[in-house]
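Data first, discussion second: the structure below is written as structure tokens.
Throughout, residue positions are numbered sequentially from 1 according to the sequence presented. We use all heavy atoms of the structure for the numbers below, so side chains are in, but hydrogens, waters and symmetry mates are not.
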Amino acid sequence: MTQYQSTLLRLLDERGYIHQLTDAAGLDDLAGKQVIPAYIGFDATAPSLHVGSLVQIMMLRRLQQAGHKPIVLMGGGTTKVGDPSGKDESRKLLTTETIAANIASIRRVFERLLTFGDGPGDAVMVNNDTWLSKLGYIDLLRDVGPHFTINRMMTFDSVKLRLDREQPLTFLEFNYMILQAYDFRELALHHGCRLQMGGSDQWGNIVNGIELTRRMEGREVFGLTTPLLTTADGAKMGKTAAGAVWLNEDALPAYDFWQYWRNCDDRDVGRFLRLFTDLPLDEIARLEGLGGSEINQAKVVLANEVTRLCRGDEAARTAEATAAATFAGGGLGADLPVWTLPAEGASILDALVGIGFAASRGEAKRLVAGGGARIDGEAVSDEGHHIAHGAEDIRISAGKKRHGILRPA
């Protein structure tokens with residue numbers, strides 16, 4: 001572990017956030033002398049971000065904990081274009097009204113995790129549509145275009161991977177990296193921003209912004225990326241068989257959010273506690289060192305702490321109580337997902353899809369065939385099984401860890 005002098009880089013380093021730095025010594029020195037305004041960009045393609053974005057949000061939280069100023073850049077403008085990084089196909093274009101509604105919805109999570117205000121270390125949220133929408137295309141090409149070469153742009157992973165897979169990369173998306181670089185220049189010029197942070201897939205875009213800001217404004221700015229975050233089994237963070245793990249409560253019930261963390265791989269517990277909670281490092285070391293079945297205690301702590309940060313104290317308490325009632329008592333906890341059973345009843349396949357345990361009837365068939373579907377604790381092996389409507393709630397399960405309620409209409 002590198003021996004940094006500033007509180008900021010020591011905190012980020014010991015918690016596991018640092019992968020690449022453009023000038024570690026320069027940033028470390030600057031962070032020890034002044035408040036650093038730093039930004040991370042988030043596009044508004046949905047009403048909620050998912051768990052894959054949480055490491056970036058937590059990095060802004062760490063920045064503020066160390067006394068520096070977070071700038072949350074919402075991509076109201078760049079969302080209209082689409083970032084090709086990590087994408088196999090073009091993004092669906094959204095209307096201005098939809099993007100604005102998504103930003104308003106997304107802001108709720110940031111307000112839980114950051115302190116907004118007018119003070120030197122208070123967070124601010126800005127929208128790059130403010131300046132991007134005012135750019136004349138010819139003016140942009142004349143002023144900014146000469147600082148980019150097609151040769152270099154073609155070497156970026158976000159471009160190479162799409163082309164290697166023979167997936168179309170539109171000219172609109174190809175401009176994304178220019179616009180992101182322009183964002184850094186704009187924030188440095190008008191908000192005093194000195195640092196851009198992001199995931200490792202953004203390294204090329206961040207370096208572009210640093211170079212553009214230096215060439216156009218003569219300002220020294222810095223870049224920092226986090227490691228590519230995957231689970232111990234290699235899966236991408238924030239994705240499950242049932243779909244994305246959304247941060248907003250109206251996009252995913254608190255119990256399902258809590259269960260995502262409670263069910264993490266044993267090997268991920270310590271890393272997730274460092275990245276996603278505010279627990280002291282010595283307490284994390286103790287929890288990480290628990291052996292055998294005791295590691296489940298650490299997973300409950302992880303689930304409670306992350307749910308508390310993202311959803312609030314009550315959501316964490318209710319989710320834990322639901323888990324205890326469901327697993328220990330064999331009952332039906334109050335916070336389980338619910339699907340209304342039609343008066344005529346429903347097939348096991350429709351019920352699994354309706355409650356969100358399968359994305360399609362085909363996936364539901366595979367779940368039944370694999371012995372993972374249960375009704376009131378009894379395995380269902382017939383994909384044609386009919387669930388009759390009655391007076392009582394019915395417990396439906398997918399595997400050992402996912403449970404829900406079929407409630408009579």
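- Using a cutoff of 4.0 Å between basic side-chain nitrogens and carboxylate oxygens, R107 and E111 are scored as salt-bridged.
- With sequence neighbours excluded, the residues forming a ring-ring contact (aromatic ring centres under 6.0 Å, His included) with F110 are F42, listed by chain and number.
- Side chains of F276 and L309 form no contact here, defined as non-hydrogen atoms less than 4.5 Å apart.
- L287 is listed as a side-chain neighbour of V301, based on a closest heavy-atom distance under 4.5 Å.
- The minimum heavy-atom distance linking I295 with E288 is given by the pair CD1-O, 4.2 Å.
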Carefully, step by step, assess R267 and D233 under the rule salt bridge (Lys or Arg N to Asp or Glu O under 4.0 Å). CA-CA 9 Å; R267 297 166 291 176; D233 59 4; over 6 Å; no
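- Using a 3.5 Å distance cut-off with no hydrogens or angles, the side chains of T115 and D122 do not pair a donor with an acceptor.
- Looking only at distances, a side-chain donor or acceptor of K299 sits under 3.5 Å from a matching main-chain atom of C264.
- Judged purely by atom type and a 3.5 angstrom limit, T307 has no side-chain atom pairing as donor or acceptor with the backbone of A316.
- Taking 4.0 Å as the cut-off between side-chain N and carboxylate O, E211 and R214 do not count as a salt-bridged pair.
- Atom CE of M197 sits about 14.5 Å away from atom CD of Q20, to the nearest 0.5 Å.
- Using the six-membered ring where Trp is involved, W258 and Y255 have ring planes that are parallel, under 30° apart on the 30 and 60° scheme.
- Separation of atoms OG1 (T130) and CD (E186) is listed at 9.0 Å; rounding is to 0.5 Å.
- With hydrogens and angles ignored, the 3.5 Å screen pairs no side-chain donor or acceptor of R194 with any backbone N or O of A38.
- Checking W131 against D183 by side-chain atom types alone, a donor-acceptor pair falls below 3.5 Å.
- No side-chain heavy atom of I405 sits under 4.5 Å from any side-chain heavy atom of R395.
- Counting only distance, with no hydrogens or angles, the side chain of H191 and the backbone of C193 share no donor-acceptor pair below 3.5 Å.
- Residues L60 and L114 meet the side-chain proximity criterion, which asks for heavy atoms closer than 4.5 Å.
- Checked by atom type and distance alone, the side chain of N205 never pairs as donor or acceptor with a backbone atom of M177 at under 3.5 Å.
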Verify side-chain hydrogen bond (donor to acceptor under 3.5 Å, both in side chains) between T45 and N102, making sure each step is shown before the conclusion. CA-CA 7 Å; T45 54; N102 287 349; over 6 Å; no
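- Although no hydrogens or angles enter the test, the distance criterion places a donor-acceptor pair under 3.5 Å between the side chain of S48 and the main chain of N248.
- Side-chain polar atoms of Q65 and R62 form a donor-acceptor pair below 3.5 angstrom.
- Formation of a donor-acceptor pair under 3.5 Å by the S105 side chain with backbone atoms of A101 is not found in this model.
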For residues 21-31, run the donor-acceptor check on the side chains, cut-off 3.5 Å, and write out each pair with its distance to 0.1 Å, sequence neighbours left out.
unit_1, atom_1, unit_2, atom_2, d
T22, OG1, G223, N, 2.9
D23, OD1, G26, N, 3.0
D28, OD1, Q5, N, 3.3
D28, OD1, S6, N, 2.8
D28, OD1, S6, OG, 2.6
D28, OD2, Q5, N, 2.9
D29, OD2, K33, NZ, 2.9

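- Here E14 does not pair with R274 in a salt bridge; the nearest charged N to carboxylate O distance is not below 4.0 Å.
- At least one donor-acceptor pair under 3.5 Å links the side chain of T79 to the backbone N or O of A44.
- A salt bridge is absent between D256 and R262: the closest approach of a Lys/Arg side-chain nitrogen to an acidic carboxylate oxygen does not fall below 4.0 angstrom.
- With contacts defined as side-chain heavy-atom distances shorter than 4.5 Å, the pair I396/H403 does not qualify.
- A donor-acceptor pair under 3.5 Å is absent between the side-chain atoms of S53 and the main chain of L49, judged by distance alone.
- When all heavy atoms are compared, the tightest approach of V353 to A364 is CG2-CB, 4.3 Å.
- Note on residues 6-38: no pairs pass ring pair (Phe, Tyr, Trp, His ring centres under 6.0 Å), not counting sequence neighbours.
- For the pair V51/W261, a side-chain contact is recorded, criterion being any heavy-atom separation below 4.5 Å from C-beta on.
- Between D265 and T231, the side chains place no donor N or O within less than 3.5 Å of an acceptor N or O (distance only, hydrogens not considered).
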Might you work through the salt bridge (Lys or Arg N to Asp or Glu O under 4.0 Å) test for D278 and R308, ending with a clear yes or no? CA-CA 11 Å; D278 288 338; R308 184 174 294 114; over 6 Å; no
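- A side-chain donor-acceptor contact under 3.5 Å links N127 to the backbone of D129.
- In this structure the side chain of C310 reaches within 4.5 angstrom of the side chain of L54, judged on heavy atoms.
- Classified by interplanar angle (parallel below 30°, tilted 30° to 60°, perpendicular above 60°), the ring pair Y39/F184 is perpendicular.
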Decide yes or no on salt bridge (Lys or Arg N to Asp or Glu O under 4.0 Å) for D268 and R271, but give the supporting numbers first. CA-CA 5 Å; D268 287 325; R271 183 167 57 118; 2.8 Å; yes
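- Partner L224 forms a side chain to side chain contact (heavy atoms under 4.5 Å, CB included) with one of L63, I18, L8, I40 and no other, that one being I18.
- Side-chain polar atoms of Q180 and Q202 form a donor-acceptor pair below 3.5 angstrom.
- Looking only at side-chain heavy atoms (C-beta outward), H68 and P37 stay at 4.5 Å or farther from each other.
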